[in-house]
Amino acid sequence: QCEEAAYEERQYPAGKWACVTKGEPLYEQSISLSFMKLMRYICKENSVGCYLGMTVPVLNEIRLTKEGTELAREVLTAYYIPGEFQQNPPAPADPEIHITERAPLRVIARVFYGVTTEETILREIALFWELLGSTEAVLRETYIVAVYENPSIPQRRNEIWFIRRA
């Protein structure tokens with residue numbers, strides 16, 4: 001039986017993403033409201049009026065407070081626009097959704113399972129720092145939680161991404 005790698009490094013190409021930023025009192029509220037908005041965009045509330053298709057992972061970009069002990073309120077949730085719409089993404093009906101061109105991204109990713117709450121994310125970040133050790137190669141203030149499965153699945157697969165410095 002082969003043990004899963006502790007973490008892996010990946011490169012993601014530049015591309016267009018539909019993004020929503022929310023700053024609710026709880027992380028879970030922010031991502032839930034943002035994801036519902038994105039689902040409406042994906043399903044029909046867009047300028048072509050059709051289902052765009054789901055892509056994974058959905059990314060939740062988070063920042064830590066200055067003290068580094070809690071998450072900043074604002075969370076950016078991003079959905080990768082499918083390949084056939086990359087050149088000309090359908091416009092969202094919702095003014096809170098912005099289409100953004102994101103630069104190539106190099107990350108160090110580590111899998112974890114279960115629900116994503118502020119508590120679990122802070123724990124995963126701390127565990128990952130323990131594994132990596134002290135390094136200046138990655139950002140310390142911004143992280144990404146990548147979600148691969150429906151949020152209602154209790155033991156869903158997620159990843160914490162540390163972003164490589166350019």
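Just so it is clear, the model here is predicted, and its values are computed rather than measured.
Residue Ile121 is grouped with residue Leu64 when hydrophobic side chains (ILVMFWY) are merged at heavy-atom distances under 4.5 angstrom, including chains of intermediate members. Under a hydrophobic clustering in which Ile, Leu, Val, Met, Phe, Trp and Tyr are joined whenever their side-chain heavy atoms come within less than 4.5 Å, directly or via other members, Ile62 and Leu105 fall into different clusters. In this structure, Val147 is not a member of the same hydrophobic cluster as Ile144, with clusters built from ILVMFWY side-chain heavy atoms closer than 4.5 Å. Both Leu38 and Met54 sit in one connected hydrophobic cluster of ILVMFWY residues. Membership requires side-chain heavy atoms under 4.5 Å apart, directly or through other members. At a threshold of 4.5 Å between side-chain heavy atoms, the hydrophobic network of Ile, Leu, Val, Met, Phe, Trp and Tyr places Val58 and Tyr51 in one connected group.
Separation of atoms CD (Glu45) and CE (Met39) is listed at 11.0 Å; rounding is to 0.5 Å. Between the CZ atom of Arg106 and the CZ atom of Arg164 there is a distance of 7.0 Å, given to the nearest 0.5 Å. Between Gln29 atom CD and Ser34 atom OG the span is 11.5 Å, to the nearest 0.5 Å. The distance from the OG atom of Ser32 to the CG atom of Leu26 is 11.0 Å, given to the nearest 0.5 Å. Atoms CD1 and CG, from Ile125 and Leu71 in turn, are 6.5 Å apart once rounded to the nearest 0.5 Å. Interatomic distance, Ile99 CD1 to Ile97 CD1, rounded to the nearest 0.5 Å: 7.5 Å.
The closest side-chain heavy-atom distance from Phe128 to Ile108 is below 4.5 Å. Counting heavy atoms from C-beta on, the side chains of Lys44 and Tyr41 never come closer than 4.5 Å. With a 4.5 Å cut-off on side-chain heavy atoms, Gln155 and Val115 do not count as touching. Using a 4.5 Å heavy-atom cutoff, the side chains of Val107 and Phe162 are not in contact. When side chains are defined from C-beta on, Leu127 counts as touching Arg110, because their heavy atoms get closer than 4.5 Å. You'll find the side chain of Trp17 reaches within 4.5 Å of the side chain of Leu59, heavy atoms only. Side-chain contact between Tyr7 and Ile160 is absent, with no heavy-atom pair separated by less than 4.5 Å.
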All N/O donor-acceptor pairs, side-chain side in residues 76-94, below 3.5 Å, sequence neighbours left out:
from: Thr77; atom 1: OG1; to: Asn60; atom 2: OD1; distance (Å): 2.8
from: Tyr79; atom 1: OH; to: Gly53; atom 2: O; distance (Å): 2.6
from: Gln86; atom 1: OE1; to: Lys16; atom 2: N; distance (Å): 2.8
from: Gln86; atom 1: NE2; to: Lys16; atom 2: O; distance (Å): 3.0
from: Gln86; atom 1: NE2; to: Ile81; atom 2: O; distance (Å): 2.7
from: Asp94; atom 1: OD1; to: Glu96; atom 2: N; distance (Å): 2.7
from: Asp94; atom 1: OD2; to: Lys37; atom 2: NZ; distance (Å): 2.7

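In summary, Lys22 and Glu74 do not engage in a salt bridge, as defined by a charged side-chain N under 4.0 Å from a carboxylate O. Using a 4.0 Å cut-off between charged side-chain N and carboxylate O, Arg10 and Glu159 make a salt bridge. A salt bridge links Glu61 and Arg102; the closest N-O separation between the charged side-chain nitrogens and carboxylate oxygens is under 4.0 Å.
In terms of heavy atoms, Thr135 sits closest to Val138 at CG2-CG2, 4.1 Å. The two residues Arg156 and Thr116 come nearest to each other via the heavy atoms NH2-OG1, 2.7 Å. Pairing each heavy atom of Thr117 with each of Thr120, the nearest pair is N-OG1, 2.8 Å. Heavy atoms only, all atoms of each residue included: Arg73 and Ser30 are closest at O-OG, 4.0 Å. Scanning all heavy atoms of the two residues, the minimum distance from Leu122 to Glu70 falls at CD1-CA, 3.9 Å.
When atom types are taken as modelled, the side chain of Asn158 and the backbone of Gly114 share a donor-acceptor pair closer than 3.5 angstrom.
Note that Arg157 lies outside the cation-pi zone of Tyr113, set by a 6.0 Å cut-off to the ring centre and a 45° limit from the axis.
Between Glu124 and Tyr143, the side chains place no donor N or O within less than 3.5 Å of an acceptor N or O (distance only, hydrogens not considered).
More than 12 heavy atoms of other residues, nucleotides or ligands sit less than 6.0 Å from atom CD of Glu9.
Taking the six-membered ring wherever Trp is involved, the centroid distance between the rings of Trp161 and Tyr12 falls below 6.0 Å.
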